[in-house]
Protein chains: 2
Amino acid sequence: MIKEERFERIREELAKKGIVDGDELAGLLGVSRATIRRDLDALEERGFLKRTHGGAQATDPEDELPFHSKVSAYMREKRAIGLAVAALVPEGAVIGCTGGTTVMAAIKCLKGKSVTVVTNAINVAMELAPSEQAQVIVTGGSLRTRSYELVGHIADRTLGEFHLDLALIGVDGIDIERGISTYTIAEAHAAALYISQAERVWVVADHSKAGKVAPALIAPLAKVHRLVTDPGLDAGIQARLEAAGLEVIVAAS
Amino acid sequence: MIKEERFERIREELAKKGIVDGDELAGLLGVSRATIRRDLDALEERGFLKRTHGGAQATDPEDELPFHSKVSAYMREKRAIGLAVAALVPEGAVIGCTGGTTVMAAIKCLKGKSVTVVTNAINVAMELAPSEQAQVIVTGGSLRTRSYELVGHIADRTLGEFHLDLALIGVDGIDIERGISTYTIAEAHAAALYISQAERVWVVADHSKAGKVAPALIAPLAKVHRLVTDPGLDAGIQARLEAAGLEVIVAAS
DNA sequence: CATTTTTTGATCGTTTTTGCTCGTTTTACC
DNA sequence: GGTAAAACGAGCAAAAACGATCAAAAAATG
């Protein structure tokens with residue numbers, strides 16, 4: 001394990017959790033705390049992170065990752081959701097996933113797990129490209145400006161060829177009456193396809209999406225098996241979602 | 001095990017892991033660390049990697065961050081080639097392009113032009129994603145670790161559905177007798193498909209590729225209409241390529 | 001087959017990296 | 001607000017890696 005390799009691992013860990021602990025890193029990488037502190041110094045020098053007592057935290061999520069993956073509000077919450085999802089995904093699973101920032105957070109945590117990921121989002125594919133364990137299938141299709149998602153008949157046809165253990169759907173709204181929804185028809189169409197091909201459906205969304213309805217409806221709540229969200233979720237809404245038969249996982253932040 | 005073969009193996013390892021360890025390579029290739037160090041020196045000289053204490057790391061062609069002043073091999077030349085290609089591509093063209101750093105350089109220069117790009121390289125797609133003018137079609141397929149290319153029957157089928165005005169092919173070797181070639185069979189296969197679907201074929205390659213033959217042959221020279229390269233091209237080789245009916249464009253640097 | 005050239009492995013002094021210790025600073029807790 | 005625990009920075013010695021040099025081995029050449 002050479003220095004640059006450690007740097008890489010530290011940055012990866014940082015992308016996953018947003019905050020890293022010196023002791024933990026020392027154990028994980030098999031070096032002393034002194035070395036970790038020196039590494040963190042070097043990485044701070046290069047602007048990749050900010051030192052804190054006991055560890056370090058990610059610098060403002062603008063440029064912390066390759067290929068300007070769009071980040072946004074509720075980054076901390078999304079990270080927690082991502083970690084929770086990764087912990088729940090079994091080794092070897094075949095996962096279909098849409099684009100979206102919350103899904104991306106989960107994908108970051110899946111690096112290093114041996115799973116098969118089928119996706120129509122090229123930023124998801126890009127994120128997993130360096131991983132040796134993960135097998136990635138890209139649907140193909142016409143690239144939508146800004147959202148990094150592939151749509152159209154090519155995407156549809158490819159998706160139809162796969163059976164998924166799990167569909168990981170990022171949404172812009174989740175509502176008792178109207179189910180899950182998103183902003184554009186093309187994305188909703190892709191999400192619905194994932195759902196029709198999957199054995200189980202997990203929705204990932206930060207708490208701000210609860211109770212909202214976005215213009216393009218994807219599917220009713222009955223199609224969804226599990227919602228992974230953050231502790232900001234309103235207790236009343238949670239109770240009603242659970243009453244509707246949804247398993248709600250609240251990620252500890 | 002001869003030197004070139006070791007170079008090949010080292011580059012392979014580097015492509016897979018991004019970072020290599022000297023000791024590990026010595027064991028893997030059955031030679032001493034001194035030899036590995038010399039190999040790494042030679043490869044750094046050619047710009048394929050960056051030496052570090054204990055090993056080396058891949059020069060990431062995307063990494064244009066200020067502190068990593070060192071970029072991939074022949075970057076200046078590739079930029080010049082990219083500019084020349086962009087100037088030659090007519091507005092509205094349908095272009096198929098493979099992956100590879102030289103192609104990427106050209107794609108960067110195509111941003112803002114209203115063209116349709118069909119590609120199996122997700123880094124190419126990523127680069128063009130923010131562009132409002134460019135229309136991007138991604139073939140889909142199975143993602144190759146670290147090379148960002150999609151391969152397999154999905155990619156083949158999608159490519160077969162398009163007619164291209166122009167195929168933009170990045171190669172690792174161009175030779176009078178053996179034609180154009182690349183390092184892996186999968187890439188060669190994809191390149192050959194682009195060629196079969198295209199009206200015209202342009203090869204982009206820096207001068208170091210001239211006269212070389214890589215393991216996986218793509219097509220004979222007769223299939224290629226134009227080579228865009230940099231002024232470093234050997235005059236004798238250029239004369240022979242032109243005698244073989246190839247239009248050689250030398251990009252002013 | 002002999003000779004020349006290239007390549008490889010080994011050695012040695014030097015530089016970098018790493019882990020440890022010790023006194024100081026920060027954080028957490030009562 | 002005071003005290004204990006944890007983390008920090010600096011300095012130092014051991015370990016690992018480096019560059020340079022040289023001789024042996026392998027390959028190419030005539």
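A note on names: the letters A, B, ... follow the listed sequences, proteins ahead of strands, and every chain is numbered from 1. Just so we're clear, the structure is a prediction, and the values are computed from it rather than from any experiment.
With no hydrogens or angles considered, no side-chain donor-acceptor pair links A:Thr52 and A:Gln57 at under 3.5 Å.
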request  = Could you walk me through whether B:Thr145 and B:Leu143 pass the side chain to side chain contact (heavy atoms under 4.5 Å, CB included) test, one step at a time?
outcome  = CA-CA 6 Å; B:Thr145 308; B:Leu143 183 63; over 6 Å; no
request  = Report the C-alpha separation of A:Thr102 and A:Lys78 in whole Å, then their side-chain angles, then the decisive distance to 0.1 Å, and conclude whether the side chain to side chain donor-acceptor pair (under 3.5 Å) test is met.
outcome  = CA-CA 5 Å; A:Thr102 314; A:Lys78 288 186 207 295; 3.3 Å; yes
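More than 12 non-hydrogen atoms from other residues, nucleotides or ligands lie less than 6.0 angstrom from CZ of A:Arg51.
Atom-to-atom, CD of B:Glu5 to C1' of D:dA26 comes out at 16 Å; the value is rounded to the nearest Å. Whole-Å rounding puts the A:Glu4 CD to D:dA16 P distance at 19 Å. Following rounding to the nearest Å, B:Leu25 (CG) and C:dG9 (P) show an atom-to-atom distance of 14 Å.
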inquiry  = Does the protein touch nucleotides 11-30 of chain C at the base, only the backbone, or not at all? Give it as B, S and - per nucleotide, heavy atoms under 4.0 Å.
reply    = -----SSBBB-----SS---
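One finds the CD1 atom of B:Ile237 at 7.5 Å from the CD1 atom of B:Ile176 (value rounded to the nearest 0.5 Å).
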